[in-house]
Amino acid sequence: MTSCTAHTNKQGLSIWLICLMSVSWVLGQNHLSGLTDSLTAYMARNHIPAAMVSVVSSETVLFSGGLGMANIEEGEPASAKHVFRLGSISKSFTALAMLSLLEEKGLSLNTPVKQIDPDLPIVNNWEVEVPVTIGHLLEQTTGFDDFHLHALYNKGDSVVPPAIEMVRSHKNSYVCRWKPGTRKAYSNPGYVMLGHLIEKLSGRPYGAYIASAILEPLGMNSSEYYFHIQGGPAGEFCSNAEDMSKYLQFVLQGDSNKLNTLNLPHTIYERIEHAQTNVAAQQGLPYGYGLGVFSVWKNGYLFIGHDGGIDGFSSRYLYSREADLAVAVSINRQGNATAMAHEILNFMLGEGPKPDRKTVGIPEQMAGKLEGLYEYHSPRNQLISFTDKMFAGISLDVQDDYVVTKSILGKARDTLRHAGDGLFYKNEEEIPSALVFDTEDGQSGWWMNESYWLPSSRTLRLIKFFGVLLSILGIISFGIYGVISELVRLISKKRDHSISHYLLLGSCLSFGLMFLAFANTMENVRNAGEMNLSSILFLSAPFLMIVCTLASVLSWRNIWQGHIGRKIYYSWVLLSCIIMLVYLWQIGFVGLKLWSY
């Protein structure tokens, strides 16, 4: 420090500041070295080849770079310039572009989408009362289904097709399963439709418009919309650490000059970050899925952002103005980038401040309405919604001044404290995220984790759950027993089994073939929209099961031959086949052509 004071006061102050900044830089680098060490260890534990990482405050880029190897074979380390596929983070940028266009064209979030394009293939039984609006699309409250299998990948086009072609390929998804503006259900095709509306209003390809209206003004010159799946505006955005650092600082700062450049009002983020078009928002729940972003409570602060998952990549970005911190992470491996983002938040913030909130008692009348089992009624994907109905039940158990949520089998999950007016804090959150409300038909609904729940009979639910479970066990056990016993018979040259035995075995093996075909289709989703062996087996196996089961019923007297144990076991298996056929019919699997779904 003696050398710093050997000049005039003005010079000495300047040099002292430079010295201080140098020391701060070294300390900061040492601090970030600990962070990168922690992240590198996390990547090694989870077998992540490379990661894109951005960590910023409103004024400083704390870290912007790559970790690990971008190309293992060539030994190329990841850098801040390596581009990663960010999946559904695309929606945040598509939303900004749509908002900018609305301002330019004098339209609003309440504008019906058919006012812009009357030929959109939307099926809405509430069209006259509640037409689908831009706001519904942005907030995922249309009631649309998610991707259907046949429309997931585009293998025919080598260049980006007009968005209207993608919209037409997703026409099976554009059915309002409930009144728009009530429940939230994530729908990628909804954002594909937004891409088409951008093209319709701007007269330009959505990627070109988003680049000129949003990305270039923000200096995100390495970012663009790629093309491979039928989801362009919903999931094909690519970027790197340098560009994402610029975006994160933009959302932290709320720079009015940049907002002007983007043709966005200065208060736009107040609207972007707050949902308005679902029943929870309309009854006072302050946050949720807004306009291309959603909220989460972490480390004592409210964070806003989005996640993304796409072929071989997983991504997440989060920002909090109160914490003055934002992070973006993408990994070149299908996995959980959110966990890695949370590693950064834990390192930077620790546990964070304790929640400062006021709670009130739960009125007796409300407690009576809350108690009981609830069933999930806002599935993202209708094809596999049967899994939600089977396993996603939630039980609310009211204790004195709090509520405990439990699984259908009674395992405790979350503790909720009443904030007043039917709003509830979850665990250590400072902002309510759950709500009890009255539905239009007078039921007590429950909103939690962006999901819409309605009361259900615990007795009927458990009967159905264990009925299906025991039926599956019966079918599997007989399939295994039948195959083994047939092998033993062939080896020992014993006499054939009865016709009833073979009919039941045929029914059980048909169910097994259908299950394996469906599992293989979901595992190889890239080919799910094609007519192939798996999709043909999935279509034909239930009909073969029906034939074998009906024949078994007609020959039921043969089942009752032999000792009592055999009679009971064969009867259980036959009943299991009947129950599963009814269940498969109920969930729409009988006659389902996966290649055209």
Side-chain angles (χ1 to χ4, degrees), residues 29-56 61-92 186 226 228-229 235-245 248 294 296-301 303-320 323 325-352 380 413 427 449 519 522-526:
Q29 291 303 302
N30 289 336
H31 180 66
L32 291 175
S33 175
L35 172 60
T36 55
D37 289 345
S38 175
L39 293 179
T40 301
Y42 177 87
M43 291 168 62
R45 289 195 306 271
N46 292 277
H47 311 290
I48 298 170
M52 173 207 88
V53 179
S54 300
V55 185
V56 309
V61 176
L62 301 170
F63 181 84
S64 177
L67 299 172
M69 305 301 294
N71 190 318
I72 297 175
E73 293 180 357
E74 298 182 6
E76 181 184 7
S79 73
K81 296 185 180 297
H82 273 108
V83 174
F84 284 68
R85 297 178 70 188
L86 302 191
S88 286
I89 286 174
S90 309
K91 294 178 176 66
S92 296
Y186 198 88
Y226 179 65
H228 190 58
I229 65 169
E236 292 282 22
F237 183 67
C238 300
S239 190
N240 61 20
E242 286 185 348
D243 280 10
M244 286 304 292
S245 293
L248 294 175
F294 59 87
V296 61
W297 189 264
K298 186 67 181 168
N299 298 78
Y301 296 97
F303 280 86
I304 309 292
H306 213 291
D307 57 4
I310 195 168
D311 306 334
F313 289 84
S314 175
S315 308
R316 184 68 186 267
Y317 84 88
L318 296 158
Y319 66 89
S320 170
L325 182 68
V327 305
V329 173
S330 184
I331 58 178
N332 60 351
R333 178 179 181 272
Q334 202 76 33
N336 187 3
T338 296
M340 194 164 170
H342 288 175
E343 286 275 320
I344 299 173
L345 297 185
N346 292 338
F347 186 91
M348 301 297 292
L349 300 174
E351 293 184 2
R380 169 175 173 172
R413 290 177 173 169
N427 300 324
N449 299 331
M522 294 297 102
E523 180 68 24
N524 301 286
V525 70
R526 185 181 295 272

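The closest side-chain heavy-atom distance from His82 to Asn332 is not below 4.5 Å. Side chains of Asn240 and Phe84 form no contact here, defined as non-hydrogen atoms less than 4.5 Å apart. Taking 4.5 Å as the limit, some side-chain heavy atom of Met43 sits within range of a side-chain heavy atom of Met340. Inter-residue side-chain proximity for Leu62 and Leu325 is flagged as met; some heavy-atom pair is nearer than 4.5 Å. With a 4.5 Å cut-off on side-chain heavy atoms, Glu236 and Leu86 do not count as touching. Side-chain contact between Ser245 and Glu242 is absent, with no heavy atoms from C-beta onward closer than 4.5 Å.
Pro49 and His47 get closest at one heavy-atom pair: CD-O, 3.5 Å. Contact between Tyr42 and Ile48 at its shortest, heavy atoms only, is CE2-CD1, 3.9 Å.
The line from CZ of Phe303 to NZ of Lys298 is 9.5 Å long, rounded to the nearest 0.5 Å. Atom OG of Ser330 is separated from atom CZ of Arg316 by 13.0 Å, given to the nearest 0.5 angstrom. Distance CG/Leu67 to OG1/Thr40: 5.0 Å, rounded to 0.5 Å. A distance of 8.5 Å separates CZ of Phe63 from CD1 of Ile344, quoted to the nearest 0.5 Å. Atom CD1 of Ile89 sits about 11.0 Å away from atom SG of Cys238, to the nearest 0.5 Å. Considering CG of Asn299 and CG of Leu318, their distance stands at 10.0 Å, rounded to 0.5 Å.
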*asked:* Could you go through Met244 and Met52, starting from their C-alpha distance and side-chain angles, then the distance that decides it, and tell me whether this counts as side chain to side chain contact (heavy atoms under 4.5 Å, CB included)?
replied: CA-CA 10 Å; Met244 286 304 292; Met52 173 207 88; 4.0 Å; yes

_Under the criterion side chain to side chain contact (heavy atoms under 4.5 Å, CB included), I'd like the reasoning laid out for Lys81 against Asp243: C-alpha separation, chi angles, the key distance, then a yes or no._
CA-CA 8 Å; Lys81 296 185 180 297; Asp243 280 10; over 6 Å; no

*After noting the C-alpha distance and the side-chain angles of Gln334 and Phe313, does the key distance pass the side chain to side chain contact (heavy atoms under 4.5 Å, CB included) rule?*
CA-CA 5 Å; Gln334 202 76 33; Phe313 289 84; 6.0 Å; no

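A donor-acceptor pair under 3.5 Å links the side-chain atoms of Ser314 to the main chain of Gly335, judged by distance alone.
Ring pair Tyr319/Tyr317 is parallel by interplanar angle, where below 30° counts as parallel and above 60° as perpendicular.
Applying the salt bridge (Lys or Arg N to Asp or Glu O under 4.0 Å) test to pairs two or more places apart or on separate chains, those with a residue in residues 338-351 are Glu351-Lys354.
Separation of the His306 and Phe294 ring centroids falls under the 6.0 Å cut-off.
Listed by chain and residue number, Arg526 satisfy the salt bridge (Lys or Arg N to Asp or Glu O under 4.0 Å) test with Asp311 (two or more places apart in sequence, or in another chain).
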